[in-house]
Each structure stands twice: as structure tokens, then as C-alpha cells.
Amino acid sequence: MRKSFLLFIVIAVMLLSGCANEALRNADKFSPFKKYAVLPFDCPDKDISLRLAKSLREWLVTYDYEIIEQEELDRLLAKSNLTTETILKNYTSAINNLKGVDGIIIGYVNLDKRNVESGTGISEGAGGTKHFVSGCDTYVIDLKSGEILARGSYEAPVSAELYGSFNIEDVGKKLAIKLSPH
């Protein structure tokens, strides 16, 4: 009994140290000492796209990351003759083109439609359905090398899936936690 308990402890420590090492490796790459821009997410619903990017930006700032404001990003994109859509289709178009920014954060949203009676959220209109974020993937990309520095994903919990409800701020927070080692 005692040997199996010790074996369990050893395995647990090894697994946890592996997770800690991964977090430390990501911390070296996705560093609060660099300047990042959060692009609006690739999403058919522009409102969700902008709100999710804003929430992620705000949460990353609370974790001491230097994130530029949307207005500054818009100015840099215009100056570089780039658009968000261009970068989302091919992020290498932003490499060495956004001066003063070390990395970009891009994301892709999976939307489902839900019946309005099944929960609360963003209404699509009088049609009785609304969009629901069922999941999303996010990437932090270094603009000097094109390397993906960190990845984060969100998958809606079963309770949210059943009721078709979600909170954009919670999704942004969960992505920020997954991207940063905090």
C-alpha cells in the first residue's frame, strides 16, 4: 500500500513538473515584456468578434501584458496597407509590417445557432435564434519570425451548450488564462 502511494506521488510530481516546464517555456516566448496587438476574431458575427477581442485584450492587460488599443491597431493597419481580414487569411502578411508591435494575437470562433427560448445571449434578430460561441482557437504569433508563441482554445461547457448561453467576458478570460502562464 505504501509503495503504491509513493509511486503515485512520484508520478504526480513528474506530471506536474512537466506542466510547469511547459508553462515556463511558453512564458519565455509569450512575454509581458513585448508589445502585442489583439486582432478581431475571425467570426461571421462582427459584434461577437469585436467583443471577444476586447475581452481578451482587457484580461491580458490585467496579467501585465502590453497590449495596444484597438484605435492604435487600426492606425498601424492603415499605415501598413493591411486589413484584419488579410492577416487572418495569411498572418505572414503582418510579419515585419506592423512597426512597434512584437506579436499579434489572432483567433477563430466556432458559432452555433440556438433557439432564443433555450437561454440568453446575443440575439440574431426577430427570427427566434441567436449565435452561440461553441468554441474558439487563439494563437500568439511573433512578428519577427512568424513563430507561434502560444496557443489557447476554448470549448463551451456542456451546461452552456445545453442552454445556448455564454458570457463573452468569461470566454476572453479563459483564453487569456490559457495563453499566459499565470
How long is the gap from [atom1] on [X] to [atom2] on [Y], to the nearest 0.5 Å?
| X | Y | atom1 | atom2 | value |
| --- | --- | --- | --- | --- |
| Ile104 | Leu73 | CD1 | CG | 9.0 Å |
| Tyr36 | Phe30 | OH | CZ | 5.5 Å |
| Lys178 | Ser153 | NZ | OG | 4.5 Å |
| Lys99 | Leu143 | NZ | CG | 10.0 Å |
| Leu175 | Ile105 | CG | CD1 | 10.0 Å |

Could you work out, with side-chain hydrogen bond (donor to acceptor under 3.5 Å, both in side chains) as the rule, every residue matching [X], not counting sequence neighbours?
| X | answer |
| --- | --- |
| Glu147 | Lys29 |
| Thr62 | none |
| Asp102 | Lys144 |
| Asn110 | none |

What's the shortest heavy-atom distance between [X] and [Y], and which atoms?
| X | Y | result |
| --- | --- | --- |
| Leu179 | Gly152 | CD2-N, 3.5 Å |
| Lys34 | Asp142 | NZ-OD2, 4.0 Å |
| Ser180 | Tyr65 | CB-OH, 3.3 Å |
| Leu52 | Cys136 | CD2-SG, 4.2 Å |
| Tyr139 | Arg151 | CD2-CG, 3.6 Å |
| Ile67 | Arg57 | CG2-CG, 3.1 Å |

**CA sep, side-chain torsions, deciding dist, call: Ile141, Leu149, side chain to side chain contact (heavy atoms under 4.5 Å, CB included)** = CA-CA 6 Å; Ile141 300 166; Leu149 303 177; over 6 Å; no
**Message:** If the condition is ring pair (Phe, Tyr, Trp, His ring centres under 6.0 Å), which residues does Phe41 pass it with, not counting sequence neighbours?
**Reply:**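 Once residues adjacent in sequence are excluded, Phe41 has no partner under the ring pair (Phe, Tyr, Trp, His ring centres under 6.0 Å) criterion.
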**Prompt:** Step by step, would you call Val140 with Ile148 a side chain to side chain contact (heavy atoms under 4.5 Å, CB included)?
**Reply:** CA-CA 6 Å; Val140 179; Ile148 295 174; over 6 Å; no
**Message:** I'd like to know if the side chain of Ser49 and the backbone of Asp45 have a donor-acceptor N/O pair within less than 3.5 Å.
**Reply:**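 Judged by distance alone, no pair lies under 3.5 Å.
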**Prompt:** Hey, does the side chain of Ser80 reach the backbone of Leu82 with a donor-acceptor pair shorter than 3.5 angstrom?
**Reply:**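 No.
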Looking at side-chain heavy atoms only, is the closest gap between [X] and [Y] below 4.5 Å?
| X | Y | value |
| --- | --- | --- |
| Pro32 | Tyr63 | no |
| Val171 | Ser55 | no |
| Gln70 | Arg75 | no |
| Ile106 | Asp42 | no |
| Tyr108 | Thr138 | no |
| Cys43 | Leu111 | yes |

**Request:** Consider only side-chain heavy atoms of I, L, V, M, F, W and Y, link residues closer than 4.5 Å, and tell whether Val133 and Ile177 are in one cluster.
**Result:**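 In one cluster: yes.
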**Prompt:** Would Leu56 and Lys173 count as a side chain to side chain contact (heavy atoms under 4.5 Å, CB included) if you check the C-alpha gap in whole Å, the side-chain angles of each, and the deciding distance to 0.1 Å?
**Reply:** CA-CA 6 Å; Leu56 179 59; Lys173 179 180 182 179; over 6 Å; no
Residues two or more places apart in sequence or in another chain: which of them pass side chain to side chain contact (heavy atoms under 4.5 Å, CB included) with [X]?
| X | result |
| --- | --- |
| Lys174 | Tyr154 |
| Glu71 | Glu69 |
| Glu58 | Lys54 |
| Thr84 | Leu39, Pro40, Leu77, Leu88 |

**Request:** Just grab all the salt bridge (charged side-chain N to carboxylate O under 4.0 Å, His left out) pairs involving residues 78-89, residues at least two apart or on different chains.
**Result:**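 Residue pairs with at least one partner in residues 78-89: Lys46-Glu85.
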